[in-house]
Asks: 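Please see the structure below; I have some questions.
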Amino acid sequence: MYFLRAAVVAIALQLSGVANGDVIEDRILAKIYGVATKGKTNGVVPTPTGWPEYVIGTATSYTYQSSGAWTTGFFPGTLWLLYQRSLTKTLKVSSVELLSLARTWQAPLRANKDRTDTHDLGFMIHDCFGWDAILTGNATARQTVHDAAIALSQRYNSVTKTIRSWGSISDTGSFTVIIDNMMNLGMLYWAAQQFGNTTLSDIATSHATTTMNNHFRTDGSTWHVLNYNQVTGAVTAKYTNQGYSDSSTWARGQAWAIYGMVSAYRWTKNTAFLDTAIKAADYFLAGLPADGVPYWDFNAPVTGLRDTSAGTIVASGLLYLVEQAPAYKDKYLQRAIDLIDDTIALSQSPPAVYTASPFAVSDIGFNAFLMNGTIDNNPAKTHTAASSNTGLVYGDYYLIEAQNRLLGMGLLAA
Ligand SMILES: *[C@@H]1O[C@H](CO)[C@@H](O)[C@H](O)[C@H]1NC(C)=O
Ligand SMILES: *[C@@H]1O[C@H](CO)[C@@H](O)[C@H](O)[C@H]1NC(C)=O
Ligand SMILES: *[C@@H]1O[C@H](CO)[C@@H](O)[C@H](O)[C@H]1NC(C)=O
């Protein structure tokens, strides 16, 4: 759908290796394709039983999660994003093969669609089946997204006016909402539009409004976690789970906030959501170090630890903002391109070893394209090598999505 927006901008922008970088594109493709076809036997990729999540800094291989984990939709999602790109430009892997791989990797995830015990169905279902429905019109995929939207909406509470993040819907005690939950609203809006069910979009807008009012500080920064009282609807605590401290701003949380508010604006055209996204984006951009790649938390004592995934989420979110509010092109387009370029310059992993024709990957090396992602570095928690300085499947997902948006604007060479 981005591609319909056609070439408009160009020339004055500083297009770097990223914006016309077939070398980078091949390197990304080699990583994703290599991981996707790892188990291929007699020409067939077997039904997956684990989904790539992170690569610890000292390893090369992905650590895999079972199908119920919140991150499972991203790997098939990256295959769909590459499929989307292949419809516009010739890649070294055919559209037919990318589509087949995406379906293979997403198929078992369909079992998650009716779950009411998680708020992450947007990531798990919408980021793969949603692309299938949008890009191919597949009826099963479309119905899968609908069912997941209905399931997610069961977590909405009409007193707190939010969707519950953690815990069970029957829990009458704690009621937590994390800023990440903004990312699941797009699925509700899309399903509402497709199936004419305004209850779903009303729930999404209610959640976005409550989050806008309670999760943001006056300077545009955000808290990660809020507790609500289910009887009065009052906020009872504001704190962090993955960030540095309760008063700090966790970079990926801020990234989810920006992207999620753009999404709420896209579907409602309520300028309060756009203004909130802009304020949050300006906070994020002002807090970047000189090399342009975000630290994992804006208020942590500087240790040099990055979260490249926060950078790619914001790059895609800013391009989404420019798509939805073209008046902001001058303000944000170059910043988004810089985020992509700077992240690749600092954190591109060593390239895979591959042959171009036929495209074959003999050694993937570090399985993710980007290094230096941070899952979590809260000092109150027990950290493992998996917590920080890792490759993250979602860091790569949003990088590819951001590049597709540039392609859709005519800014990535077709
Ligand atoms: C990125 O990760 C690699 C691998 O762990 C590490 O060697 C490098 O120092 C990291 N770079 C930054 C800027 O953190
Ligand atoms: C839709 O996707 C399903 C797999 O989820 C597949 O079995 C089916 O063939 C697809 N339908 C079409 C028309 O391609
Ligand atoms: C619309 O969504 C609401 C909220 O999940 C649900 O209760 C209702 O059954 C849906 N309506 C239809 C016609 O599916």
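Both ligands and their constituent atoms are indexed starting at 1 by order of listing.
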Asks: Could Arg217 and Trp223 be counted as a cation-pi pair, given that NZ or CZ must be under 6.0 Å from the ring centre and within 45° of the axis?
Replies: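 Yes, cation above the ring, under 6.0 Å and within 45°.
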Asks: Between Gln106 and ligand 2, which part of the residue brings a heavy atom under 4.0 Å of the ligand: side chain, backbone, both or neither?
Replies: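 Neither part.
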Asks: May I ask you to identify the nearest protein heavy atom to atom 4 (C) of ligand 2, giving residue, atom name and distance to one decimal place in Å?
Replies: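 For this ligand atom, the closest protein heavy atom is Arg103 CD, 3.9 Å.
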Asks: Starting from atom 5 (O) of ligand 3, what is the nearest protein heavy atom, named by residue and atom, and what distance separates them?
Replies: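 Ranking protein heavy atoms by distance from atom 5 (O) of ligand 3, first comes Ser153 OG, 2.6 Å.
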Asks: Nearest protein heavy-atom contact for atom 13 (C) of ligand 1: which residue, which atom, what distance?
Replies: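 For this ligand atom, the closest protein heavy atom is Leu346 CD2, 3.9 Å.
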Asks: Nearest to atom 6 (C) of ligand 1, what protein heavy atom do you find, and at what distance?
Replies: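 Ranking protein heavy atoms by distance from atom 6 (C) of ligand 1, first comes Asn389 ND2, 3.9 Å.
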Asks: Is the distance from the ring center of Phe298 to that of Tyr283 below 6.0 Å?
Replies: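 They qualify: ring centres under 6.0 Å apart.
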Asks: Taking the six-membered ring where the residue is Trp, are the ring centres of Phe129 and Trp80 under 6.0 Å apart?
Replies: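 No: the rings miss the under 6.0 Å criterion.
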Asks: Against heavy atoms of Gln154, which atoms of ligand 3 measure under 4.0 Å?
Replies: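 In order of number, 5 (O).
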Asks: Out of Thr374, Asp291, Asn372, Thr58, who gets a non-hydrogen atom closest to atom 2 (O) of ligand 1?
Replies: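 Comparing heavy atoms across Thr374, Asp291, Asn372, Thr58, the nearest one to atom 2 (O) of ligand 1 lies in Asn372.
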Asks: Is there at least one protein heavy-atom neighbour under 4.0 Å from atom 9 (O) of ligand 2?
Replies: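 It does not; no protein heavy atom is within 4.0 Å.
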Asks: How are the rings of Trp70 and Trp256 set relative to one another: parallel (under 30°), tilted (30 to 60°) or perpendicular (over 60°)?
Replies: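 Because their plane-to-plane angle is over 60°, the rings of Trp70 and Trp256 count as perpendicular.
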Asks: Please write down residue, atom name and distance for the protein heavy atom closest to atom 1 (C) of ligand 3.
Replies: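 Heavy-atom neighbour on the protein nearest atom 1 (C) of ligand 3: Asn197 ND2, 1.4 Å.
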Asks: Please report whether the ring centroid of Phe273 lies less than 6.0 Å from that of Tyr265.
Replies: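 No.
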Asks: Give a yes or no on whether the ring-centroid distance for Phe359 and Tyr33 is below 6.0 angstrom.
Replies: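 Centroid distance Phe359-Tyr33: below 6.0 Å, so yes.
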Asks: Parallel, tilted or perpendicular, judged at 30° and 60°: which one describes the rings of Phe175 and Tyr228?
Replies: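 Correct class here is perpendicular.
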Asks: Please indicate whether any nitrogen or oxygen in Asn138 is less than 3.5 Å from any nitrogen or oxygen in ligand 2.
Replies: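 Min N/O separation from ligand 2 is below 3.5 Å for Asn138.
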